[in-house]
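When a residue number appears, it is its place in the shown sequence, counting from 1. One-based numbering, in listed order, for ligands and for the atoms of each. All of these numbers come straight from a predicted model, not from anything done at the bench.
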Amino acid sequence: MTVKGAELEHVGVAVKSIAETRRLYEEALGLTLGGEEVLAEQGLKLVFFDAGGVKIELLEGLGEDPISRFIEKRGPGIHHLCFKVDDVEAAAASLKTDGYEFITEAPYEGGYGSRVIFMKPSSTFGVLIELIQEG
Ligand code: ZN
């Protein structure tokens, strides 16, 4: 089975400082800030910019978190692609049947009432892929 009609929802970018980086997206590129959120449990701060149908998500780590570890290893830059699906549980189950692997066993709360799950880059040709079901 496959996931039908997954749409690119956002591109996640790992940054050292949202305050410093948003200047580029907001002022230089003229994108509109679409939301700001702190995910305390995951140790992350994030903002979204509307970029013509697709969003840019800036992710800043607040300490011991995956984004800080990512930046330590590889420096700031593109972190993941996120695809919107109608039913994240069904999509993950279907992709698991196809042999794709996921970082967590089940989807979890991803902000704004969404449910998300990440696929393992080792099973997606090196790209970290997030699936999102909007809340
Ligand atoms: Zn994301």
### Heavy-atom side-chain contact between L46 and L58 under 4.5 Å
no
### Query
Any N/O/S atom, backbone or side chain, of H79 lying under 2.8 Å from the Zn ion (ligand 1)?
no
### Message
Taking backbone and side chain together, does E57 place any N/O/S atom at a distance below 2.8 Å from the Zn ion (ligand 1)?
### Response
yes
### Query
Any N/O/S atom of C82 sitting less than 2.8 Å from the Zn ion (ligand 1), backbone or side chain?
no
### Task
Could you pull out the atom name of the N/O/S atom in E130 that is nearest the Zn ion (ligand 1)?
OE1
### Task
Rounded to the nearest 10 degrees, what's the angle NE2 of H10 makes with NE2 of H80 at the Zn ion (ligand 1)? Could you check?
110°
#### Entry: Sub-4.5 Å side-chain heavy-atom contact between F102 and L131
yes
### Task
Report yes if some heavy atom in the side chain of E57 is under 4.5 Å from a heavy atom in the side chain of H80; otherwise report no.
yes
### Plane angle bin for F49 and Y25 - parallel if under 30°, tilted between 30 and 60°, otherwise perpendicular
parallel
### Message
Quick check against the 3.5 Å criterion: does T97 have a side-chain atom that pairs as donor or acceptor with the backbone of A93?
### Response
yes
